[in-house]
Amino acid sequence: MSNTENIILTNEIMNFIEKSPVCFQAVENISDILLSKGYRRLYESEAWDLKPGEKCFVVRNNSSVIGFKLPENIPGSFMIIASHSDSPTFKIKPNPEIVIENNYIKLNVEKYGGMIYTSWLDKPLSVAGRIVVKSDSGVETKCVNIDRDLLSIPSLAIHMNREVNDGYKFNPQKDMLPLFGDSHNGHKSFLDLIAAEAEVTVEDILGTDLFLYNRMKGSIWGRDSEYFSCPRIDNLESAYLSLKALLNSEPTGAVQMLCVFDNEEVGSGTKQGAKSTFLYDTVMRIAEDLGFSNYSKLQKILASSFMVSADNGHAVHPNYIEMSCPTNRPYMNGGVLIKYNAQQKYTTDAVSEGIFKRICEKGGAEYQEYVNRSDILGGSTLGNLSGEHVSINTVDVGAAQLAMHSAYETAGVNDTGCIYKSFKEFYSSEIIVKSDTSYEIV
């Protein structure tokens, strides 16, 4: 792809991210896009009655989604790309308002995932998520986004903390509570604001899952416009690029599947996380409706299946070059990042590495390797957790980025096109297991 095409694609990603302040809106936007492209929405509580050649998707918890295209015949495999919808942030606690000296009002929050605290200071923030409200016969959920600058977490002036640049240990209960407003003139409560946005009454609200988000706009920058920065690049970049690749790939003899899971940043151990049965349940229902749920038939198909676990990794940092592995030096705009870990935090092994590299070569996508320094503990991601229920060959990949888990992250413009090409080629491919030692990519 040309630099102009990569810039266009990067702007698409930033626009998607801006419309997806938290996981619920991300999945809502993915669902709307799938519907607009002719995908049928399924519900786990209803019969699916799937037919060969159909395009469908299913949502769990409003925060995870699986979309798929079925082949015209019994599939030879499942070709899956998995990413996640959540990012580190702060969750609004129940009864959040704290009045300070009859003047300020701040909101009580708790951290979600591992973030860089300082990156949240002195930024325009707001609140998005979902609420649960009374309905005529029970309850229903509503997505909410206060689409304006609403909050900020002011830093303490250096005059009052002269040692702040020498190192300071932030306390999330004290230092990271956002300022909401003043307490004069019979102020509206936080829930009043949420209720008005959702067009319900405060009394109707029975539960909330509300989070802070950074409202800073995305930006393409650098000498040759080679970098971009915005919130939540990790991991909405992967989610959007895998969605676009699925939509633009021609049908094959495989089930082409997109998975976007929630709660990766807190371990995935929820009903909607990669560690849940969501993927397994979806695979089994497809198998039952298409007539290959017999154990031996299904196992034969899964043996030829493949997952790309797509989650970003760390580029060499220009100011901290010593923090990267001495022999594996990934850079932004260096191509798709293939991630390795001897402790199996990442799923990549020699077989999945080789298969994915061949797919990259077929699609004209450059690639590079990422491994942690041996004395630095790395994080885990989606592939090894989803493999607990659906065990197939899996490779961990992503984009090389800087400032991961900051409220404002940075990645490479040209990598967006490179990753897209690799994902599109992946969905266009099938893997045939010839023996325990031979795999054919068609």
Side-chain angles (χ1 to χ4, degrees), residues 1-21 26 29-30 33 81 83-85 87 116 119 214-249 260 308 310-321 324 328-339 356-357 359-361 363-370 396-427:
M1 296 174 66
S2 68
N3 187 57
T4 299
E5 290 173 316
N6 289 333
I7 288 175
I8 291 171
L9 181 56
T10 300
N11 276 308
E12 288 180 21
I13 293 168
M14 293 193 299
N15 289 335
F16 174 76
I17 289 173
E18 185 175 351
K19 294 175 184 176
S20 306
N29 289 329
I30 291 170
I33 293 169
I81 302 180
S83 60
H84 64 88
S85 60
S87 299
I116 301 172
S119 68
N214 177 15
R215 287 180 53 80
M216 290 178 64
K217 300 287 187 182
S219 173
I220 293 176
W221 57 279
R223 185 193 62 192
D224 298 312
S225 299
E226 62 264 58
Y227 307 125
F228 75 103
S229 297
C230 69
R232 302 179 296 284
I233 292 174
D234 171 30
N235 187 33
L236 293 186
E237 177 181 18
S238 297
Y240 182 80
L241 290 174
S242 56
L243 171 65
K244 186 178 178 73
L246 176 69
L247 295 176
N248 292 331
S249 297
V260 183
V308 173
D311 197 0
N312 286 357
H314 305 291
V316 173
H317 195 293
N319 296 336
Y320 303 94
I321 60 174
S324 295
N328 295 278
R329 313 292 289 174
Y331 292 92
M332 293 185 293
N333 296 314
V336 186
L337 202 65
I338 303 176
K339 301 158 65 177
F356 187 74
K357 283 182 176 179
I359 288 170
C360 286
E361 290 166 359
E366 296 179 333
Y367 55 80
Q368 53 186 336
E369 287 85 12
Y370 171 78
D396 271 284
V397 308
Q401 72 164 84
L402 298 176
M404 185 178 288
H405 289 197
S406 168
Y408 203 70
E409 301 173 315
T410 292
V413 168
N414 290 336
D415 283 339
T416 62
C418 192
I419 293 168
Y420 172 65
K421 285 192 295 185
S422 73
F423 286 178
K424 187 177 178 183
E425 185 63 35
F426 173 79
Y427 278 135

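Side chains are part of it too, since the values below use all heavy atoms of this structure and drop only hydrogens, waters and symmetry mates.
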Residues passing the side chain to side chain donor-acceptor pair (under 3.5 Å) test with Ser324, sequence neighbours excluded, are none

His317 meets the side chain to side chain donor-acceptor pair (under 3.5 Å) criterion, sequence neighbours left out, with none

Closest heavy-atom pair, Ala403 versus Tyr408, reported as atoms and distance to 0.1 Å, is CB-O, 4.1 Å

| Any side-chain heavy atom of Pro330 within less than 4.5 Å of one from Val316? | yes

* Would you say Asp224 and Asn3 make side-chain contact, with heavy atoms under 4.5 Å? -> no

Sorted by chain and residue number, the salt bridge (charged side-chain N to carboxylate O under 4.0 Å, His left out) partners of Glu361 (sequence neighbours excluded) come out as Arg358

Residue set satisfying side chain to side chain donor-acceptor pair (under 3.5 Å) with Asp415, at least two apart, ordered chain then number -> none

So CD1 of Ile359 and CZ of Phe423: to nearest 0.5 Å the spacing works out to 11.0 Å

All heavy atoms of Met14 vs all of Ser229, minimum pair found to be SD-O, 4.1 Å

So NE2 of His405 and CD1 of Ile233: to nearest 0.5 Å the spacing works out to 12.0 Å

Rounding to 0.5 Å, atoms CD1 (Ile81) and OG (Ser422) come to a distance of 7.0 Å

Which is it for Leu337 and Gln401 under the side chain to side chain contact (heavy atoms under 4.5 Å, CB included) test, yes or no, and what are the steps along the way? CA-CA 10 Å; Leu337 202 65; Gln401 72 164 84; over 6 Å; no

Query raised in the report: Do Val336 and Gln368 come within less than 4.5 Å of each other through their side chains, counting heavy atoms only?
Result: no

For Glu425, the salt bridge (charged side-chain N to carboxylate O under 4.0 Å, His left out) test, sequence neighbours excluded, returns Lys362

d(Ile30 CD1, Ser20 OG) to nearest 0.5 Å is 7.0 Å

Residues passing the side-chain contact (heavy atoms from CB on, under 4.5 Å) test with Lys244, sequence neighbours excluded, are Leu9, Glu12, Tyr240, Asn248, Tyr420

query = With side chains defined as the heavy atoms from C-beta onward, is the minimum distance between Asp234 and His84 less than 4.5 Å?
reply = yes

Between the CE atom in Met1 and the SG atom in Cys418, the distance rounded to the nearest 0.5 Å is 10.0 Å

Nearest heavy-atom contact between Cys230 and Ile17 is SG-CD1, 3.7 Å

Sorted by chain and residue number, the ring pair (Phe, Tyr, Trp, His ring centres under 6.0 Å) partners of Tyr227 (sequence neighbours excluded) come out as Trp221

Short side-chain to backbone donor-acceptor contact, Ser242 and Ala239, under 3.5 Å:
yes

Ser249 meets the side-chain contact (heavy atoms from CB on, under 4.5 Å) criterion, sequence neighbours left out, with Lys69, Gln256, Lys424, Tyr427, Ser428

Sorted by chain and residue number, the side-chain contact (heavy atoms from CB on, under 4.5 Å) partners of Ala399 (sequence neighbours excluded) come out as Glu237, Asn312, Ile419

Residue set satisfying side-chain contact (heavy atoms from CB on, under 4.5 Å) with Lys357, at least two apart, ordered chain then number -> Ile338, Tyr340, Glu353, Tyr367, Glu369

By side chain to side chain donor-acceptor pair (under 3.5 Å), Thr416 pairs with (sequence neighbours left out) Thr10

Note: Glu226 and Gly222 closest approach over all heavy atoms is OE1-C, 3.3 Å

Is Asp396 close to Asp311 at the side-chain level, that is, under 4.5 Å between some pair of heavy atoms?
-> no

query = Any donor and acceptor pair, going by atom type alone, linking the side chain of Lys421 with main-chain N or O of Gly364 inside 3.5 Å?
reply = yes

When rounded to the nearest 0.5 Å, the distance separating CG of Asn414 from CD of Glu366 is 9.0 Å

Scanning both residues in full, the closest heavy-atom pair of Met404 with His314 reads SD-CE1, 3.5 Å

In short, Leu236 meets Ala26 closest at the heavy-atom pair CD2-CB, 4.0 Å

Any non-hydrogen side-chain atom of Ile7 less than 4.5 Å from a side-chain atom of Val413? yes

The salt bridge (charged side-chain N to carboxylate O under 4.0 Å, His left out) partners of Glu5 (sequence neighbours excluded) come to none

